[in-house]
Amino acid sequence: MPRFLKSERLKKSSEFKSVFQQCRKLEDGTLAFYVQFKEDAGSHKFGVSLSRALGKAYLRNRLKRRLREIYRVEKEGFRGGYQVILVPRRGSVNRTFDELRKSFLSLASRAGLLPRAK
RNA sequence: GGAAGCAGGUCGUGAUCGCGGUUGGGUCCUUUUAGGAUCGCAAUCGAGGAAAGUCCGAACUCCGCAGGACAGGAUGCUGGAUAACGCCCAGUCGGUCCCCGUCAUAGGGGGUUGAAGGAAAGUGCCACAGAAACAAACCGCCUUCCGCAAGGGAGGUAAGGGUGAAAAGGUGGGGUAAGAGCCCACCGCGUCUUAUGUGAAUAAGGCGGCUAGGCAAACCCCAUCCGGAGCAAGAUCAAAUAGGUAAACUUCGAAGCUGUCCGCUUCAUUUUUUCCCGUCAAAAGGAAAAAAGGUUUACGGGUAAGAUCGCUUGUGACGAGACCGGCAACGGUUUUCGCGAGAGAAAUGAUCACACACACAAAAUUCGGCUUAGGCCCUGCUUCUUUUA
RNA sequence: UGGGGCGUCGACAAGCGGUAAGUCACCAGAUUUUGGAUCUGGCAUUCGUAGGUUCGAAUCCUACCGCCCCAG
């Protein structure tokens with residue numbers, strides 16, 4: 001099974017800033033998807049940013065964990081060399097796990113992270 | 001049997017994958033005491049009763065400090081308990097509800113509730129109404145004077161009427177010109193003494209009769225307590241990393257050309273500027289231009305939420321069970337067992353099974369409380385209802 | 001973690017112990033051929049919610065709910 005290591009996480013405020021500054025933005029009603037591509041094909045990082053307006057603490061925690069779980073399972077198919085930030089939109093706390101995954105996959109495919117279907 | 005309310009208990013289990021900590025192990029590096037990095041490794045532990053709101057009280061840390069006072073804040077029946085508290089326990093008194101009891105009171109019992117110190121230290125307020133809201137006489141009642149009378153003047157009075165949330169103890173009797181604690185009885189209030197109690201108070205007896213209306217969650221007075229800031233407190237560490245500035249090189253994303261690299265073209269991202277369009281003015285939209293990103297080198301400073309500790313396997317205000325003391329809260333030179341999360345863009349999620357496993361809601365220095373939120377089941381109490389007798 | 005402020009009609013708001021001003025909007029009527037403008041009248045059983053103090057609470061006190069801001 002794929003793992004999700006600490007080194008794959010976006011942590012520092014500066015890292016987030018850099019991605020937001022120089023990135024491609026995609027969104028649907030549920031998620032906003034910020035992706036920045038890098039030369040180094042081996043490195044890939046992932047981060048989630050949640051506003052307090054989304055809901056109470058336990059809701060935000062659950063949403064973040066679900067998004068991370070989706071990323072952990074689905075990142076296998078991605079090309080390397082990217083940094084991704086997810087910003088959930090208002091209302092996404094009420095989505096089920098499957099709805100979140102569908103939304104994530106469609107955005108990732110639009111962003112070009114998924115290789116073309118054979 | 002059912003429903004509602006209140007109080008107490010309770011807050012899934014197992015499997016697979018994933019995540020955080022600790023310990024062990026493997027690999028690599030430095031060094032050979034050991035340290036660091038890393039991991040499809042193993043073992044083990046991994047959110048709450050409210051973790052929440054941040055309303056109180058402490059521990060701990062730094063700053064200040066001989067000691068005290070003012071200011072400011074908090075608390076406010078009594079006693080106990082505690083590390084401390086505005087919490088908790090027991091009691092007193094008052095309000096309210098229920099039950100017993102009575103012809104009706106009285107009396108007794110139980111639940112619940114109370115920011116229950118002081119209004120005879122001072123200031124202030126008590127709208128409207130009302131004569132008067134701490135001081136009074138409108139309608140009255142009585143005496144007397146003037147007048148034929150209607151009525152008017154002077155005085156006494158506060159029982160009755162009227163106003164009001166509130167009008168100066170209440171009821172009955174005596175008394176009087178009419179009245180009035182003016183006098184008497186009972187009740188109530190205040191005060192003194194005695195008794196009981198640690199005390200708040202209670203009981204009995206004496207005295208007092210109006211001087212003492214309400215509001216202190218109005219200012220205030222009295223008593224007691226409080227130095228200030230908070231784990232982003234605070235302590236330690238190399239002189240490196242990141243970021244910044246300057247210079248040089250470079251164009252990383254997507255698509256196409258190509259076997260591949262280099263390279264080229266177009267598109268896209270962010271920022272700025274200009275033009276067009278549009279409008280009251282903007283925005284949105286369209287077009288053009290410029291810059292940015294990555295790497296290397298140098299400078300520079302100790303800035304910044306850098307790293308480590310604080311930080312939680314802690315001998316403690318710790319948890320659970322006995323025993324002893326206490327009505328209880330709680331306590332103990334007693335005894336047995338237990339030792340439980342520790343992050344830092346922040347660990348608990350996904351799937352499946354089991355009774356539809358389901359509400360509220362997630363640690364962030366740590367404890368003791370309070371308040372609020374809320375699901376299922378169990379226990380107890382209260383109320384209502386149904387059936388049977 | 002600590003501190004400060006605000007909730008009054010659909011919108012903006014005044015009042016801060018004694019019967020909840022005002023403006024815009026809305027409704028009805030008048031005027032007008034009609035609309036606008038103008039004039040007249042109406043529009044808060046209760047001041048975010050729940051308790052308490054008081055004769056009396058939007059106002060004072062307490063606890064909640066929602067929103068906004070500040071400091072490191």
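Letters A, B, ... are given to chains in the order of the sequence lines, protein chains preceding strands, and every chain is numbered from 1.
Between A:Lys25 atom NZ and B:rG253 atom P the separation is 23 Å, expressed in whole Å. Regarding A:Leu100, its CG atom lies at a distance of 14 Å from the P atom of B:rG349, rounded to whole Å. Atom CG of A:Leu67 is separated from atom C1' of B:rA350 by 13 Å (rounded to the nearest Å). For the pair A:Arg62 CZ and B:rA347 P, the computed distance is 15 Å after rounding to whole Å. The NZ atom of A:Lys64 sits 14 Å away from the P atom of B:rA362 (whole-angstrom rounding).
Across all strands shown, nothing is found opposite B:rA347 as a Watson-Crick or G-U wobble partner with both distances under 3.5 Å. Applying the Watson-Crick and G-U wobble criteria (two distances, each under 3.5 Å), B:rC231 pairs with nothing in any strand.
Between atom CZ of residue A:Arg62 and atom CG of residue A:Leu59 there is a gap of 5.5 Å, rounded to the nearest 0.5 Å.
Salt bridge status for A:Lys102 with A:Glu99: absent, with no side-chain N to carboxylate O gap under 4.0 Å.
OP1 or OP2 of B:rA346 lies within a sub-4.0 Å distance of a side-chain N or O belonging to A:Arg68. Remark: A:Arg65 is not in phosphate contact with B:rA350, judged by side-chain N or O atoms under 4.0 Å from OP1 or OP2.
With B:rA347, B:rA350, B:rA361 as the candidates, the nucleotide lying closest to the side chain of A:Glu69 is B:rA350.
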